[in-house]
Amino acid sequence: MAHRPVLAQAKAAATVAPVAGAASSGVSQAELRERVTFFNTMSKSKELFRPRLSDGSVSMYVCGVTVYDYSHIGHARVYVAFDVLYRFLSAACGYKVTYVRNFTDIDDKIIARAQQSGVETSELTERFIDEFNKDMAALNVLPPALEPRATAFVPQMISTITDIIANGHAYAVDGGDVFFDVASLPGYGRLSGRQQEDNRAGERVAVDSRKRSPADFALWKAAKPGEPAWPSPWGPGRPGWHIECSSMIRELMGPVIDIHGGGRDLVFPHHENELAQSQAACGCGQHGHEHGHEHGGQQGGASTSGGDGSQSQLHNGTDFVRYWLHNGFVNVDSEKMSKSLGNFFTIRDVLARYHPLALRWFLVSSQYRAPLNYSDKGLEDASGRLYYVAQARLDVVEALRAAGEEGQRAMAEAEVVMAQAAANANSTPTSEAAAQQEAAAAAPSGKGKGKGGAAAAAAPAAGPALLSEVLSALADDLNTPAAVGALSAPLRTINDLLTTKAGRKRPDRLAVLAQLHCAMCRVMQLLGMELELEAGARAEAAGASVGVAAGAASGLAASAAALEQLLQELRALALVRLDMTEEAVQAAIQERTEARAAKDFARSDAIRVDLAAKGVLLLDTPEGTSWRPGSAASL
RNA sequence: GGGUCUCUAGCUCAGUGGUAGAGCAGCUGACUGCAGAUCAGCAGGUCUCGAGUUCGAUCCUCGAGGGGCCCUCCA
């Protein structure tokens with residue numbers, strides 16, 4: 001129910017706000033770009049990321065879903081992973097990213113499902129495009145710049161197919177089908193790393209005597225009666241699956257793109273075929289064996305009118321994709337989650353029981369290339385961890401607010417420290433380590449209540465150290481588990497500063513809290529777990545002329561409200577899972593409070609044990625009794 | 001059969017050419033009427049096995065074994 005509003009909605013962040021410092025021109029950003037690496041499926045190794053152009057732009061295309069049903073957790077993983085990548089490249093590295101993700105809205109399954117349901121294919125696809133967008137918004141996945149639908153580019157696909165035929169890499173057969181001639185392209189198979197004889201041709205692929213080779217795949221499929229069809233030189237029909245991505249990339253993004261992503265299962269045949277088509281269409285198939293990023297040089301403008309096949313000189317021997325990124329699967333009981341196996345969980349069903357940010361936390365807790373086992377336990381753990389983080393962050397915010405002007409000043413100084421770090425840090429690994437050690441070292445020398453810039457300069461680098469560690473993790477092939485792990489020590493520091501005697505006495509307490517708060521806001525934003533109220537307030541404060549202190553005060557208030565709401569939502573969903581109601585819990589708390597007042601500890605303990613057994617942990621505080629999800633083994 | 005990835009604490013995962021870390025779970029202490037939350041600390045690993053390279057390997061190479069995925073639509 002209430003698990004949508006707290007999220008920053010996609011529209012709010014259509015442009016990704018800078019994360020690595022307000023002054024996104026800092027050395028840090030350029031330095032970060034230098035060391036970003038991604039695992040390239042083509043080379044099967046990590047490579048330094050060097051975009052095709054040096055003007056700070058990056059183009060990225062990710063294969064979208066075939067829209068005939070609800071999306072499941074496997075889909076969620078792909079689009080969350082590439083959403084983090086999008087955020088990292090945009091907000092942290094400062095690239096101007098053109099992100100394109102398509103909808104496959106014409107294919108055999110769609111036709112079959114539409115006929116089965118007795119609706120037009122367009123009605124079916126419209127519906128599930130809408131549902132997909134709802135799922136993505138719920139998961140706080142930013143919308144790509146473009147979300148082209150295959151059916152809107154059929155003329156371009158026909159044009160691409162015509163080019164491929166003209167270049168001698170495809171052939172039309174009786175019946176109106178067009179097949180790609182795999183044997184005509186020497187480099188075919190290099191992305192997926194397989195020789196053609198490796199494929200068990202004919203064993204599982206339907207034999208079609210009209211094909212020159214069993215490995216040939218359809219570029220154009222003739223329409224059967226009653227099927228959706230477009231006119232073409234080969235008769236009415238529809239495009240094959242693989243051609244849509246080739247054509248849309250060519251049309252919308254030009255002959256060469258920087259990043260092409262998708263699930264592992266797309267490596268073969270989809271991306272292998274896409275690569276073949278793109279090469280064949282531009283007539284540069286003979287360069288197929290070379291895969292050099294170094295000699296690509298400038299490609300000129302990235303945009304193209306497309307469709308006329310005159311771009312071969314632009315292609316210049318460089319593969320049309322510079323970096324192929326593929327994510328691992330979501331498994332269930334160590335088996336791939338898929339519709340055909342029937343072991344899938346839809347995003348929607350999961351979000352009815354778990355918070356979208358908990359699902360996101362679960363997803364980013366593993367590296368995108370590794371297999372991820374889906375389980376309730378995993379989501380419970382993620383929910384619990386998210387609760388801990390949110391509670392700690394709320395406590396920080398409340399402490400800063402309670403400190404009044406000092407808190408506001410600490411916030412203002414923290415912003416300065418973060419910005420300075422972004423501008424100055426020539427954050428080599430060693431300087432990072434030093435910063436971390438400095439942050440970890442508890443006792444700073446001298447100076448009590450901070451005043452002015454001097455205090456800011458003298459404050460420990462806890463905030464910059466955290467952000468730096470997270471950025472380093474993400475720069476290393478999007479190591480999100482390491483990024484999440486980097487939060488552990490700072491979170492403990494926060495709780496130490498807030499609750500222990502030693503922590504409360506630290507003179508730099510507010511400075512560290514403020515810095516960590518700022519850093520965590522940025523980290524959460526990078527991971528796509530920012531809260532709408534909070535993010536909105538920060539943006540406003542940045543652009544407002546109300547003065548630093550007032551901005552800090554309103555920002556803290558917004559953070560507090562957003563975090564309280566998140567905690568409330570997490571509790572509400574926990575109750576859903578426990579099949580309980582807030583009213584029932586409150587009634588039990590009330591009864592126990594009365595029992596305690598009457599010194600009937602046997603009764604009060606019994607109530608607590610009972611609730612704990614169900615998953616509701618009571619917390620007695622000076623302000624009264626509250627609860628949180630969890631269980632206590634010792635009760 | 002071919003290809004590819006993977007095997008680190010009970011579980012989920014980071015990491016490094018000089019014998020390893022986090023989170024959760026467990027235990028202890030502080031705190032508490034007792035608990036919990038929180039903090040501190042403890043315990044827990046022949047880094048799948050074997051061979052090789054190396055002064056030295058968990059990390060590199062080869063092999064074996066277990067597991068995932070692809071070779072059909074698939075994220």
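Below, read A as the first sequence line, B as the second, and so on, with proteins coming before strands; counting in each chain starts at 1. Only this structure's heavy atoms are used, side chains among them; waters, hydrogens and symmetry mates stay out.
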Inset, instruction - Under 4.0 Å between any heavy atoms, over every strand shown, what does A:S71 touch: base, sugar-phosphate, or nothing? Just pick one. - result: nothing
Legend entry - Side-chain ion pair, A:E398 and A:R401, N-O less than 4.0 Å: yes
Inset, instruction - Classify the nucleic acid contact of A:N327 as base, sugar-phosphate or nothing, counting any heavy atom under 4.0 Å across all strands shown. - result: base
Inset, instruction - Output yes when A:R238 and A:D107 qualify as a salt bridge under the 4.0 Å nitrogen-oxygen rule, no when they do not. - result: no
Inset, instruction - In plain terms, say whether A:D476 and A:R35 are close enough for a salt bridge, that is, a side-chain N and a carboxylate O under 4.0 Å apart. - result: no
Inset, instruction - Would you please name every residue forming a side chain to side chain donor-acceptor pair (under 3.5 Å) with A:R504, sequence neighbours left out? - result: none
Inset, instruction - Have a look at A:D265 and say if it touches a base, only the backbone sugar-phosphate, or nothing, with a 4.0 Å heavy-atom cut-off. - result: base
Legend entry - Close side-chain approach of A:V396 and A:R393, heavy atoms under 4.5 Å: no
Inset, instruction - Please measure how far the P atom in B:C13 lies from the corresponding atom in B:G68, and state the result in whole Å. - result: 15 Å
Legend entry - Pair assignment for RNA chain B - dot-bracket with | for other-strand partners, Watson-Crick or G-U under 3.5 Å: (((((((..((((.......)))).(((((.......))))).....(((((.......))))))))))))....
Legend entry - Strand contacts (RNA chain B) in residues 377-397 of chain A, 4.0 angstrom heavy-atom criterion: A:R385, A:Y388
Legend entry - Side-chain donor/acceptor contact of A:R608 with base of B:G36 under 3.5 Å: no
Inset, instruction - Examine the base of B:A75 for any acceptor or donor lying under 3.5 Å from a partner atom in the side chain of A:R77, and report the outcome as yes or no. - result: no
Legend entry - Residues within residues 329-339 of chain A bordering RNA chain B, heavy-atom distance below 4.0 Å: A:F329, A:V330, A:N331, A:S334, A:E335, A:K336, A:M337
Inset, instruction - Classify the nucleic acid contact of A:R628 as base, sugar-phosphate or nothing, counting any heavy atom under 4.0 Å across all strands shown. - result: sugar-phosphate
Legend entry - All side chain to side chain donor-acceptor pair (under 3.5 Å) counterparts of A:Y79, not counting sequence neighbours: none
Legend entry - Any side-chain donor near an acceptor of the partner, A:D395 and A:Q391, under 3.5 Å: yes
Inset, instruction - Could you tell me whether A:R592 contacts a base, only the sugar-phosphate backbone, or nothing, with contacts defined as non-hydrogen atoms closer than 4.0 Å? - result: base
Inset, instruction - Select from A:T621 and A:L372 the residue whose nearest nucleotide in RNA chain B is closer to the 5' end of that strand. - result: A:L372
Inset, instruction - May I ask you to test the A:N273-A:F180 pair for a side-chain heavy-atom distance under 4.5 Å? - result: no
Inset, instruction - Answer with yes or no whether the side chains of A:Q590 and A:Q586 bring together a donor and an acceptor at under 3.5 Å. - result: no
Inset, instruction - Give one of base, sugar-phosphate or nothing for A:K44, where a contact means two heavy atoms less than 4.0 Å apart. - result: sugar-phosphate
Inset, instruction - Answer yes if the ring centres of A:Y68 and A:F128 are under 6.0 angstrom apart, and no otherwise. - result: no
Legend entry - Centroid distance under 5.5 Å and plane angle under 30°, A:Y79 vs B:A75: no
Legend entry - SB check A:R596 A:D600 (cutoff 4.0 Å): no
Inset, instruction - Can you sort out which residues in residues 479-492 of chain A have a heavy atom within less than 4.0 Å of RNA chain B? Ascending by number, please. - result: A:N479, A:P481, A:A482, A:S488, A:R492
Inset, instruction - Look at A:R210 together with A:D216 and state whether they make a salt bridge at an N to O cut-off of under 4.0 Å. - result: no
